[in-house]
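Please read the structure below before turning to the comments.
Proteins get letters first, then strands, A, B, ... in listed order; numbering begins at 1 in each.
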Number of protein chains: 2
Amino acid sequence: MDFTDVSLVALRVFREVAERGTLTAAAGALGYTQSAVSRQIASLERAARAPLLERRRDGVRLTAAGHVVLRRAVTVLDEIDATARELAGLPAEAGTVRLGWFASAGAVLLPRAVAALRRSHPSITVSTREGSTPALVRALRAGTLDLALLASAPPFRPLDGESPPLTVRTLAERSLRLAVPVTHPLAAADSVDVADLRGQRWIAGSSVGDERLMGVWPGLDERPVIAHTARDWLAKLHLVAAGCGLTTVPASLAPAAPAGVRILSVKGGPEERRRLVLARLPHPLPEPAARLADALRSAAADLDEPA
Amino acid sequence: MDFTDVSLVALRVFREVAERGTLTAAAGALGYTQSAVSRQIASLERAARAPLLERRRDGVRLTAAGHVVLRRAVTVLDEIDATARELAGLPAEAGTVRLGWFASAGAVLLPRAVAALRRSHPSITVSTREGSTPALVRALRAGTLDLALLASAPPFRPLDGESPPLTVRTLAERSLRLAVPVTHPLAAADSVDVADLRGQRWIAGSSVGDERLMGVWPGLDERPVIAHTARDWLAKLHLVAAGCGLTTVPASLAPAAPAGVRILSVKGGPEERRRLVLARLPHPLPEPAARLADALRSAAADLDEPA
DNA sequence: TGAAGTCCATGACGATTACGCATACCAGAC
DNA sequence: GTCTGGTATGCGTAATCGTCATGGACTTCA
C-alpha cells in the first residue's frame, strides 16, 4: 500500500481529526464510530509509512509528517469539493469567507462588523462559527476557516508552536473589566480598588481545569468563592444583574451589558491587558476575507474611539 | 453518491482513459480488465450525475463535464503524488520536465536538444516518450506531459478543438524531402522533378487507414505502388538504402540519413511545407520546461542555419 | 486505593464493494 | 456472413470497511 493509493475518505477523516484534536470527536462529527476513525487513521499511517498523529492522554497532535499530509489533504479536498460544485452548476464559492470567533467577540464586534460588511459589500457571504481558541486554531490549520477572532492574554504567546506560524494582528488591546450588579455597593463608583474584591462571590467560566480560572479577577490573594459557573455570556451577565455574583468581562463586551449590570475598571493591581486578535494562515488572503478583516479592524477601532 | 465521495482510483482510471482515448487501452496500461475500467467510469459518472465520456465507435472522447473533471483530477492526483514523494523524503520533482515527441523528431532534434540542455543545465532531468500526435495531445491535456514536439502539415489546423486551446510554437518550417538510394538514377542530381516520381515504388508509414498516406509523395496523379510499410525510421531509411523504394522524410531528419541514402528536394509540384511545432498547455511553464523549450528552439534554429 | 471517566487500539462479524471472467451488443471492414 | 475493433453487464469470489464489544493506559475524584 503506497501513499498514492490513499482513499479520499481517509483524508477527510484525517482532516476532521486534525481539526477536532481527538479521534472520538472527529468520529462524532462525521457520524462514524471511534473505531472506524481509528482504523482509517491507522490505514493512512500505513500508507504514509510514518505515524501522522502523536497519541497523548487528551487526544492526538499532528507529527511533522502529519502536518505535511494535512496541508496537502486540504488542497486535495478543496479541489474535489470545488469540482462537485462546478459540476452541480453552482458558482465557485469565491464570494464567501469563513470566520471563527471566541465567545467574547460574539456579542458586539462580530455583529457590528458583519452588518457593516453587508452594507459595504453586499455580495460577500460571511459564514461564522463559535469555538474555543485551540479549536479555532486547528480549524485555521485544517483550512476550514479563513479568519479567526481570538482573545489573548499576557504573556501573549504564539497561538501554537507549529510552522508556518499563524499571522496574528491585534485589533484592540484594553484592560480587563469587572461586571457588578447596579445594586451592588461597588457599583456606586466608576472604578473599584482590587482590595475591595476580597470576599466577593464569583461567577466563573467553564467549570474547572482551564489553566486559569476565567471569570474571577486574577491575582487575588485568597481562594475565590465560585457561586456559579457558566460559559454563556448572556447567562453570566444576567446572573450578575440578578445579584448572584461578580465576573470579569473583556472591555469589548461592555456595550452589550444588559440593564442591571455595571461595567467597572479595577485599580490598584497589576494592569490586566487583554488583546482581541485576528489570526489567519500566512498565505495571501482571498479578497472577501481581506474585506471582512478590514471590517473587523474598523469595527474594533470604532469600539475603542468612543470609549 | 455525491461527487465529493469519488474514489481516487476512479480519478486515476479516468485520467488514464482521457490520455489513452480508449477504455481498453487504459485498462491495459493500468493492469486492469476492461470491465473494471468500464465500471469505474460508470461509477464516476454516477457520482458526477453527468456523462463524462462520449462513446464513439473507435473509443471515447471527453464531454464538457469530462473536461471539468479531468482538469481537477490532474491537480488532485499531482498533489497526492507530490505528498507521497514528500513523505518518502524525495526532493520535489521540481527539476524534471516531461517531453513527448513525434517519431520524426526523435533522431536529430531530440538528442541534440537534450544533450545541449544537459551541458547548460545539468541539474534538469528530462524524461521523454514517443507517441502519436493525438496521444501526445491527450497526454498534454491529462497533465502527463509538459511539452510535446509534433509534426504539422497544411492546413495547420489547431491540434484539437478543446478549450483552452493549446499553445503552439513553430520551431521550424521546411519543405518535405525525398529519400532515395544513392544507387538510384534520381540520386544523381540535387533535386528531382515531381513528374519523375510516377511509377516509383514507395515505402509507406503505418499500413493504412491513416487519413493521408505517409511516406508517399503527396498529390501524385496515380495510385502509388506500396512496396513496404514501416513505422520505424531506421527501418525505413535502410529499406531505402537497400534500394527497396523511395519515401518522404521531413527535412529535419536529413542529418540522420544513413550511408546509402540521399535526401533530395522535389521541384515542380505545389510546395509541401511541414512544420515542427512545440505544443503545451496555455498555463505558465515550470522553469525546467521553459529551459528545455529554449534548448529545442535553438537546436531547431541550428538545424536550419547550416542547411 | 479503588471506581469512574477519558482516550485509543483491536478481534470478530456482517454487509458492501470491486474485481475478473465470460458474454452480449454494436458498427465497420472484407 | 465472419472478424475485429470497441463498450456494457450478469455472476461468483475476495477484499474492504463499517459496527459492536472489549481491552489497556492513564487521570480524576472520593
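- Counting distance only, with no hydrogens placed and no angle test, the side-chain atoms of B:Gln40 and the base atoms of C:dA18 include no donor-acceptor pair under 3.5 Å.
- Closest to the side chain of A:Ser38, out of C:dC19, C:dA9, C:dA12, is C:dA9.
- Rounded to whole Å, the distance from CG on B:Leu30 to P on C:dA18 is 16 Å.
- For the pair A:Glu54 CD and C:dC7 C1', the computed distance is 14 Å after rounding to whole Å.
- Residue A:Val9 has its side chain nearest to D:dG18 when only C:dC7, C:dA27, D:dG18 are considered.
- Within 3.5 Å, a donor on the side chain of B:Arg39 pairs with an acceptor on the base of D:dG10, or the reverse.
- At the heavy-atom level, B:Ser35 lies under 4.0 Å from base atoms of the strands shown.
- Nucleic acid contact class of A:Gly31 (heavy atoms, under 4.0 Å, all strands): sugar-phosphate only.
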task = Verify salt bridge (Lys or Arg N to Asp or Glu O under 4.0 Å) between B:Asp81 and B:Arg12, making sure each step is shown before the conclusion.
result = CA-CA 11 Å; B:Asp81 295 347; B:Arg12 255 176 229 289; 3.1 Å; yes
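- We find that CD1 of B:Ile41 is positioned 15 Å from C1' of C:dC19, with the value rounded to whole Å.
- With the nearest nucleotide of DNA chain D identified for both A:Ala36 and B:Gly21, B:Gly21 has the one nearer the 5' end.
- Rounded to an integer number of Å, the gap from B:Asp5 CG to D:dC17 P is 14 Å.
- For the side-chain contact (heavy atoms from CB on, under 4.5 Å) with B:Asp78, the lone residue among B:Ile80, B:Val76, B:Thr75, B:Val74 that qualifies is B:Val74.
- Rounded to an integer number of Å, the gap from CD of B:Glu45 to C1' of D:dT7 is 12 Å.
- B:Arg138 places a side-chain N or O within 3.5 Å of a backbone atom of B:Arg20 that can act as its donor or acceptor partner.
- No engagement by B:Ser43 is indicated, since no non-hydrogen atom pair under 4.0 Å with the nucleic acid exists.
- Heavy-atom nearest nucleotides on DNA chain C were determined for B:Gln34 and for A:Gln34, and the one closer to the 5' end corresponds to A:Gln34.
- A donor-acceptor distance shorter than 3.5 angstrom exists from the side chain of B:Glu45 to the backbone of B:Leu53, with no hydrogens or angles considered.
- Atom CZ in B:Arg57 sits about 12 Å away from atom C1' in D:dT7, given to the nearest Å.
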